[in-house]
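The next block holds one structure in the form of structure tokens; read it before the comments.
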Amino acid sequence: MSDDTKTNRRGLFARGGLFADRARRREALTGIGLLSPALVVMISMLALPVGALVIMSFWTQNGFNLDTSFTLDNYRRLFARSDRVTEWMGMTFHLAYPVPAILMIKSLAMSLMATVAVVLLAYPMAYFLAFRVTRYKAAWIIMLTIPFWTSYLLRVFSWKVVLGYNGAINSGLMSLGLIDKPLEFLLYNPAAVVITLSHAWVSFVVLPIFVSLEKIDRSMLEAAADLGDSRSRRFRRIILPLSMPGTISAALMVFIPTVGDYVTPQLVGGNGGTMIGSLVQLLFTKQNNAPLGAAISLVMMGIIAVLVLIFLTLIGYWKMRARRAS
Amino acid sequence: MNRIKFIDRMVQGKLSRREMMKGAAAFGVGATMLPRATNADELLTCLEWGGYDDASFFEPYMEKYGVMPNFSIFAGEEDALAKVLAGFAADVMHPCNYSVARFVNAGVAKPIDTSRLTHWNDIFPVLQKSEGVLMNGEIMMAPADWGNSSIAYRPDLVEPDFIADPSWSIFFDDRYKGKVSLLDDFLVVLIGMMVDGQKYDDIYNMSGPDILAAAEKYGNKALEISRFLWTDATTLQQAMASGEIVACYAWNDLIGNLQAEGVPVAYANPKEGMFTWFCGLTLLNTGHADEAAAYDFIDAWLSPETGKALIEGSGYGHSNMKSFEIADPAAIAAMGLTDPIKMMETSIVFRTPDDAVQEEQVRIWEDIKALHI
């Protein structure tokens, strides 16, 4: 908008109350109008289903029937203590139903590993794109999105082909004579899930990091160089802090959805690769206990939200934002 | 409905590239095809095991209607039941003798009027009256296919002592760690107990602390030894063909499929016994299609031509006595026993646990799997 129209608008508002009101109302209506498609989608596709989950989590499943009387039983069951001790990976659980708690911890750990791997993979790619690529930048970015052109399931399946018993890695190593029988630890374990998740989410993360790197004022780097900062100091003192917000939001974008993933564990996780999402899925289907599944998914949502808030506070994200705003 | 089937099969990895391309092409012309989707609910919808969604199993139906029913593929009856309970409108379901009761008790099945089935009188009489077919005086499942569950193994890759004296203990043997695969089912625990000398008929309906302790003992051991627990036959077949696994819990059709690929494979008769199942079609009361179409579909499944296809193609038995008259004698001989009465006498017939026991078993099993590292 040019300065001219701005003055004109101000002029209109100054003319009289009624007219200004109408203009303002029209602006508000335009705003609502622009928002409403998103609002409708958010309410119908997110708020209503989550609301249904909340209501359902207070019901109970009784054989084939749903008992719709209000109760906290599902939540109580998740936290009920017991004298029976369950040991898992050196941790002890005094819970009557320890499965969700254990799977939650396991899923958080697996997602965290995948997130760290994704950021470590994506950051150099984004850095290269932002600072080294000068020509055909658009072509490079389009190339980055190529993995999106196939379905997520196909990408997971291709990892099965790569990691499989007679898959690409094994047959490659065997033809080089490095191993004489296929490595079996590649597939059907938590590590395979982490590898698959890392690859699947990398391209989601490169773009936000790239944007935050691209925004960095190059003159600051020049100034730092002029004042005698080495390349690594420039990276540590200017590029890294300034790209932090983008990197953190990208990391959260991976961490939050992967905690609840169940397709990847099912396809490449094998006997030990189950995650909390798998349990929720089973409760809604085979175990036929949707209310308990609803309660678990809501508790999971709460735990992830709390963890994210703690994480953001710890790294001073709020201060970072405030500094950027000022 | 086709959409659901497509996604199901994609998740299970059963989609061939050709079908995938067909699906992709459908999106390209999707706009012109969309209005037809609203008519789809008049088509028969069938909940079916993977591999049975083939026209050769219901030729007479195809001749009459000219169009395939909608199939939704499941990996286990509990999955299918959960889907129906969640509101999936299916007309026909393909359960087995041990799982019909679940559908009946859930109130989604309806009795079959056998006078509307032209082939009913040709069914082996023993099958017409067995547990799971006849419930409270009404026919709840039209028996169609029967066969075994036993151990398929690679004679070139297992130890000689297994071939000399086959036993289910191979799935709990440290020598086979990472080289065998059991079915993803609570049955694993029962097999473990059978290896330890218990009888299937005594333990199939067990509940309480005893079964929990057994599940922890045998379930964890089996999870440790098995390379993976299988839910779809394609993964299993590939793993057997490549030698990734050397023995597995399998149905008869795996043998024929692998032999056709030229893979050396044999079907064991373990000393603890092999299992016999028989499955069939149950009418569901959730469907929208014309009931006559459902009866035609069931009748087609009972026809001798279907039996011929089953016997020759999969090595399974069929419920229609006439099937054995028209099938290739060589294929019948390859099947081994051709008489369901003898088969049931010499093997372990799967039984139906009570609903509460069944639910407890599923829960225990899923918890054990979840906690396995």
Side-chain angles (χ1 to χ4, degrees), chain A residues 61-66 84 86-90 93 97-103 106 150-151 153-154 156-157 160-161 164-167 170-171 181-182 184-185 187-190 262-263 265-276 278-279 281-290 292, chain B residues 7 10-13 15 20 23-24 74-83 85-86 102-103 105-108 177-179 181-182 184-185 216 219-220 222-229 231 235 238-239 241-245 355-356 358-359 362-373:
Chain A
Q61 185 83 35
N62 191 357
F64 292 119
N65 306 316
L66 212 52
R84 212 169 80 103
T86 314
E87 272 205 50
W88 184 82
M89 299 277 280
F93 295 83
Y97 181 42
V99 176
I102 291 172
L103 284 186
K106 187 174 169 189
T150 54
S151 118
L153 273 177
L154 286 182
V156 178
F157 274 121
K160 227 175 153 172
V161 173
Y165 184 77
N166 44 7
N170 274 329
S171 46
K181 70 182 186 124
E184 285 173 358
F185 62 83
L187 193 58
Y188 301 129
N189 55 39
Y262 73 92
V263 176
Q266 192 182 339
L267 292 174
V268 299
N271 297 348
T274 329
M275 289 169 80
I276 185 99
S278 324
L279 176 68
Q281 185 230 1
L282 276 171
L283 283 168
F284 270 91
T285 56
K286 217 171 163 186
Q287 295 205 40
N288 193 22
N289 195 344
L292 186 62
Chain B
I7 294 167
M10 198 153 89
V11 170
Q12 292 170 19
L15 215 55
M20 209 84 101
F74 60 83
E77 291 98 326
E78 286 297 300
D79 286 334
L81 179 60
K83 198 161 174 171
L85 289 176
R102 294 285 289 161
F103 290 82
N105 298 344
V108 295
K177 191 168 181 202
K179 290 196 170 88
S181 177
L182 273 168
D184 183 356
D185 193 275
E216 277 172 357
N220 277 321
L223 280 164
E224 186 195 323
I225 302 295
S226 275
R227 172 89 175 123
F228 54 82
L229 298 171
T231 49
T235 310
Q238 286 166 355
S242 68
E244 182 176 10
I245 55 172
D355 274 326
Q358 177 113 14
E359 276 158 24
V362 169
R363 200 179 58 241
I364 291 175
W365 179 238
E366 294 305 336
D367 286 356
I368 282 183
K369 278 197 301 171
L371 296 189
H372 187 78
I373 303 159

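Residue numbers begin at 1 in each chain, while the letters A, B, ... track the order of the sequences. Scope of the values below: all heavy atoms of this structure, side chains included, with no hydrogens, waters or symmetry mates.
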Notebook entry, point to check: What heavy-atom pair brings A:Phe93 and A:Pro98 nearest, and what distance separates the two atoms?
Noted result: CB-CB, 4.2 Å
Checklist line | Heavy-atom proximity to chain B below 4.5 Å, by part of A:Leu283 | finding: neither
Note to self: I'd like to verify something: which residue of A:Lys106, A:Lys181, A:Lys160, A:Met89 has the highest number of heavy-atom pairs under 4.5 Å with chain B?
What the structure shows: A:Met89
Check: Take atom NZ in B:Lys179; do more than 12 heavy atoms of anything else shown fall under 6.0 Å from it?
Finding: no
Next item on the list: To the nearest 0.5 angstrom, please state how far the CG atom of B:Leu371 sits from the CD atom of A:Glu87.
Entry: 12.5 Å
Check: Can you name the closest pair of heavy atoms from B:Leu182 and B:Ser226 and give their distance?
Finding: N-OG, 3.4 Å
Next item on the list: Could you look at A:Thr86 and say if it's the side chain, the backbone, both or neither that has a heavy atom under 4.5 Å from chain B?
Entry: side chain
Note to self: Is B:Glu244 in contact with chain A via its backbone, its side chain, both, or neither, using a 4.5 Å heavy-atom distance?
What the structure shows: both
Next item on the list: Identify the two heavy atoms, one from B:Ser181 and one from B:Phe228, that lie closest to each other, and give their separation to 0.1 Å.
Entry: OG-O, 2.8 Å
Check: With only heavy atoms counted, which part of B:Leu85 is less than 4.5 Å from chain A, the side chain, the backbone, both or neither?
Finding: side chain
Next item on the list: Select one option (side chain, backbone, both, neither) describing which atoms of B:Ala370 are under 4.5 Å from chain A's heavy atoms.
Entry: both
Next item on the list: Count the heavy-atom pairs under 4.5 Å between each of B:Glu224, B:Arg102, B:Lys369 and chain A, then report the option with the highest count.
Entry: B:Arg102
Margin query: For chain A, which candidate among B:Gly243, B:Gly107, B:Ala106 shows the most heavy-atom pairs at distances under 4.5 Å?
Written below: B:Ala106
Margin query: Shorter than 4.5 Å, heavy atoms on both sides: which option in B:Ser242, B:Gly178, B:Ala82, B:Ala356 has the most such pairs with chain A?
Written below: B:Ser242
Checklist line | Heavy-atom pair of closest approach, residues A:Gly273 and A:Pro265 | finding: O-CB, 3.2 Å
Checklist line | Residue part contacting chain A, namely of B:Gln358, when any heavy atom lies under 4.5 Å | finding: neither
Next item on the list: For each of A:Phe284, A:Tyr188, A:Phe64, tally heavy-atom pairs with chain B at distances under 4.5 Å, and name the one with the top tally.
Entry: A:Phe64
Notebook entry, point to check: Looking only at heavy atoms, which two atoms of A:Leu279 and A:Tyr97 are closest? And how far apart?
Noted result: CD1-OH, 4.1 Å
Next item on the list: Of all the heavy-atom pairs spanning B:Glu77 and B:Phe103, show the shortest one and how long it is.
Entry: O-CZ, 3.7 Å
Check: With a 4.5 angstrom heavy-atom cut-off, which part of B:Asp355 approaches chain A: side chain, backbone, both or neither?
Finding: side chain
